[in-house]
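All remarks here apply to the structure that follows.
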Amino acid sequence: MKIEIAHLPHDIIEIIYPSEVTPKDVTEYVEQLKKDISARGGAEWSALVDQSKLRVMPSTVVGEMARLNAYAQQRGMKRSARVVQDPGSGLQAWRMTKNAGLTIPAKTFESRSEALSWLEAPDAD
């Protein structure tokens, strides 16, 4: 199963991870997301990353995702919300965010609706 990318209103790119990812899935996802980001021409956008089905991201992927997040921040990502299933997944998401050196607001949520609400109302913090 592949990593899905969807474009939502309010300049939000949603990424939905399956329960498992392969190196091929990650390579295809990174290539497609970079194309999507480039097509925005530097306009600001937010990321909704749904990792609720993915229990643990393989360690070989964490570094690549950190680099992708740094790339995204440099090219207009202004907020990042992650949806995780359990505290272990949340800790892994936090570590990846830290390793990426993100300076934008980034939060972890247990539900997609909470994450989406936070992204749609950036002044509500």
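Here, residue 1 is the first one in the sequence, and each next residue gets the next number. As the structure is a computational prediction, the values presented were derived from the model and not from experiment.
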Do the non-hydrogen side-chain atoms of [X] and [Y] ever get within less than 4.5 Å of each other?
X      : Y      : answer
Ile3   : Pro18  : yes
Leu8   : Leu116 : yes
Tyr17  : Val49  : yes
Ile15  : Asp50  : no
Arg40  : Asp11  : yes
Asp36  : His7   : yes
His10  : Leu119 : no
Arg112 : Glu14  : yes

Original post:
Would you say the side chains of Glu114 and Ser111 form a donor-acceptor pair under 3.5 Å?
Top reply: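 Yes, side-chain donor-acceptor contact under 3.5 Å.
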
Pairwise distance [atom1]([X]) to [atom2]([Y]) - rounded to 0.5 angstrom:
X      : Y      : atom1 : atom2 : answer
Lys2   : Ile16  : NZ    : CD1   : 15.0 Å
Glu120 : Ser113 : CD    : OG    : 10.5 Å
Gln32  : Ile37  : CD    : CD1   : 10.5 Å
Ile13  : Met77  : CD1   : CE    : 9.5 Å
Arg79  : Trp118 : CZ    : CH2   : 4.0 Å

Original post:
Quick one: do Glu31 and Lys35 make a salt bridge, cutoff under 4.0 Å?
Top reply: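 No.
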
Subject >> Basic-acidic side-chain contact under 4.0 Å: Lys53, Glu20 >> reply: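 Salt bridge absent between Lys53 and Glu20.
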
Original post:
Are Lys34 and Tyr71 in a cation-pi setup, meaning NZ or CZ lies under 6.0 angstrom from the ring centre and within 45 degrees of the ring axis?
Top reply: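 Flagged: Lys34 positioned over aromatic ring of Tyr71.
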
Original post:
Counting N and O atoms only, with roles assigned by atom type, does the side chain of Trp45 sit under 3.5 Å from a partner on the main chain of Arg75, one being a donor and the other an acceptor?
Top reply: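 Yes, because the side chain of Trp45 sits within donor-acceptor range (under 3.5 Å) of the backbone of Arg75.
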
Original post:
Donor-acceptor pair, Asn69 side chain versus Met65 backbone, under 3.5 Å?
Top reply: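 Pair found, side chain donor or acceptor close to backbone of Met65.
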
**OP:** Let me see the working for Ile104 and Ser80 under side chain to side chain contact (heavy atoms under 4.5 Å, CB included), right down to the final yes or no.
**Re:** CA-CA 8 Å; Ile104 60 169; Ser80 177; 4.3 Å; yes

Original post:
Of the non-hydrogen atoms in Val83 and Ala115, which two are nearest, and what is the gap between them?
Top reply: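 In terms of heavy atoms, the two residues are closest at CG2-CB, 3.8 Å.
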
Original post:
If you count the non-hydrogen atoms of other residues, nucleotides and ligands that lie under 6.0 Å from CD in Glu110, is the total more than 12?
Top reply: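 Check fails, neighbour count at 12 or below.
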
